Amino acid sequence: MKRNLRFWTRYTWEGMPAVLIVLAILLVLSAIGASRLELTALAATAPAYLLLAAGLTIVMLNYGTQVVYIPLLISMGETRRNIFLGYHFHRILIIAVAVGISALIWALVPGEISRLGLSNIPSILAILVAASSLGSIMGTIYFKWKWVATVLLVVVFGTFGGVGGFSVAGGGEDVAQLVEKAAQFLAEFPWWLALVAVVALGADAAFQWLLLRKQEVRL
């Protein structure tokens, strides 16, 4: 089990550069043409970009993990129980890192956006858990219905791209307003988001365990 956890910890660490690359792109696009005032607001909204980048990367990594790495681990003789536990450990770790860094930045940068961000940590956790489960479910579906998984993947990435493009198009001040409105919206629906996260995680865990029990080694 220790070897299994080391593998998933290293796998999570190797996935972090993807998060940083997406985050850097969003920050650079937002900073272009921004005034000093807007750059100050951008510092408070940077965690929102980090969480967006983490959500996108989580979907991408989980999809690839189900399709590539889990069959590889089975072929190497790893038990299905250890794969199941290690995989969920990986998801918890990457979400904890993203939320922890965002909370630290918000704690250090004063302002209304930071206050709203800290107060919405439970909602943010629910969204990331749901996003992670969605990516995993798409990876599971891929084994049975490849075209359905492909369509879902395009829709999800298109949605992320649309949100990111809309956010950076308006500049730092508009982004700050958008993040503040989103935070206020999330603050009103924490239990609804928690229910979505629990249902998505439960469906993901059930689908994955059923797949692991029947999955064969593919050389």
Side-chain angles (χ1 to χ4, degrees), residues 1-22 51-100 122-160 191-219:
M1 189 62 182
K2 291 182 179 180
R3 183 188 64 178
N4 188 46
L5 292 178
R6 286 197 300 268
F7 169 83
W8 287 107
T9 301
R10 180 177 178 180
Y11 179 68
T12 304
W13 177 253
E14 290 176 349
M16 288 301 175
V19 178
L20 297 178
I21 290 172
V22 176
L51 295 169
L52 178 62
L56 179 61
T57 306
I58 286 172
V59 172
M60 180 177 62
L61 287 180
N62 284 353
Y63 184 82
T65 300
Q66 293 280 29
V67 175
V68 178
Y69 282 94
I70 288 180
L72 177 62
L73 288 173
I74 294 176
S75 68
M76 295 173 62
E78 189 62 78
T79 65
R80 286 164 169 76
R81 173 182 174 275
N82 283 352
I83 292 174
F84 182 82
L85 295 176
Y87 172 67
H88 286 283
F89 166 76
H90 148 71
R91 296 169 60 179
I92 293 172
L93 187 58
I94 193 170
I95 290 174
V97 170
V99 173
S123 298
I124 292 169
L125 284 170
I127 291 173
L128 290 179
V129 168
S132 174
S133 300
L134 177 60
S136 180
I137 290 172
M138 288 191 299
T140 304
I141 293 175
Y142 181 85
F143 285 94
K144 295 294 184 181
W145 304 287
K146 292 181 174 59
W147 69 271
V148 175
T150 302
V151 170
L152 289 174
L153 189 65
V154 170
V155 171
V156 170
F157 273 71
T159 302
F160 271 109
W191 296 111
W192 175 76
L193 287 173
L195 179 61
V196 170
V198 169
V199 171
L201 180 59
D204 171 33
F207 289 155
Q208 187 194 15
W209 182 246
L210 290 174
L211 178 65
L212 278 172
R213 290 182 60 186
K214 299 180 179 180
Q215 194 166 353
E216 298 178 352
V217 177
R218 295 182 179 181
L219 299 178

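Please read all numbers here as calculations on a predicted model, not as lab measurements.
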Distance check, rounded to the nearest 0.5 Å: Ile94 atom CD1 versus Thr9 atom OG1?
12.0 Å
So which atom in Trp209 and which in Arg80 form the shortest heavy-atom distance, rounded to 0.1 Å?
CZ3-O, 4.0 Å
Calculate, to the nearest 0.5 Å, the distance between atoms CD1 and CD1 belonging to Ile124 and Ile127 respectively.
7.0 Å
Could you give the distance from CG (Leu73) to OG1 (Thr79), rounded to the nearest 0.5 Å?
10.0 Å
Take atom CH2 in Trp13; do more than 12 heavy atoms of anything else shown fall under 6.0 Å from it?
no
Minimum heavy-atom separation for Leu212 to Ile70, with atom names?
CD2-CG2, 3.7 Å
Sorted by chain and number, sequence neighbours left out, ring-ring contact (aromatic ring centres under 6.0 Å, His included) with Phe7 holds for none
Side chains of Thr12 and Arg91: do they bring a donor and an acceptor to under 3.5 Å?
no
Please name the pair of heavy atoms, one in Ala200 and one in Ser133, separated by the smallest distance, quoted to 0.1 Å.
O-CB, 3.5 Å
Is Val196 close to Val129 at the side-chain level, that is, under 4.5 Å between some pair of heavy atoms?
no
If you draw a 6.0 Å radius around OH in Tyr11, do more than 12 non-hydrogen atoms from other residues or ligands fall strictly inside?
yes
Ile137 vs Phe207, side chain to side chain contact (heavy atoms under 4.5 Å, CB included): CA-CA, chis, key distance, verdict
CA-CA 7 Å; Ile137 290 172; Phe207 289 155; 4.3 Å; yes
Find the distance between CG (Leu85) and NE2 (His90) and round it off to the nearest 0.5 Å.
14.0 Å
Dump the intermediate steps for side chain to side chain contact (heavy atoms under 4.5 Å, CB included) on His88 and Ile83, then the final yes or no.
CA-CA 9 Å; His88 286 283; Ile83 292 174; over 6 Å; no
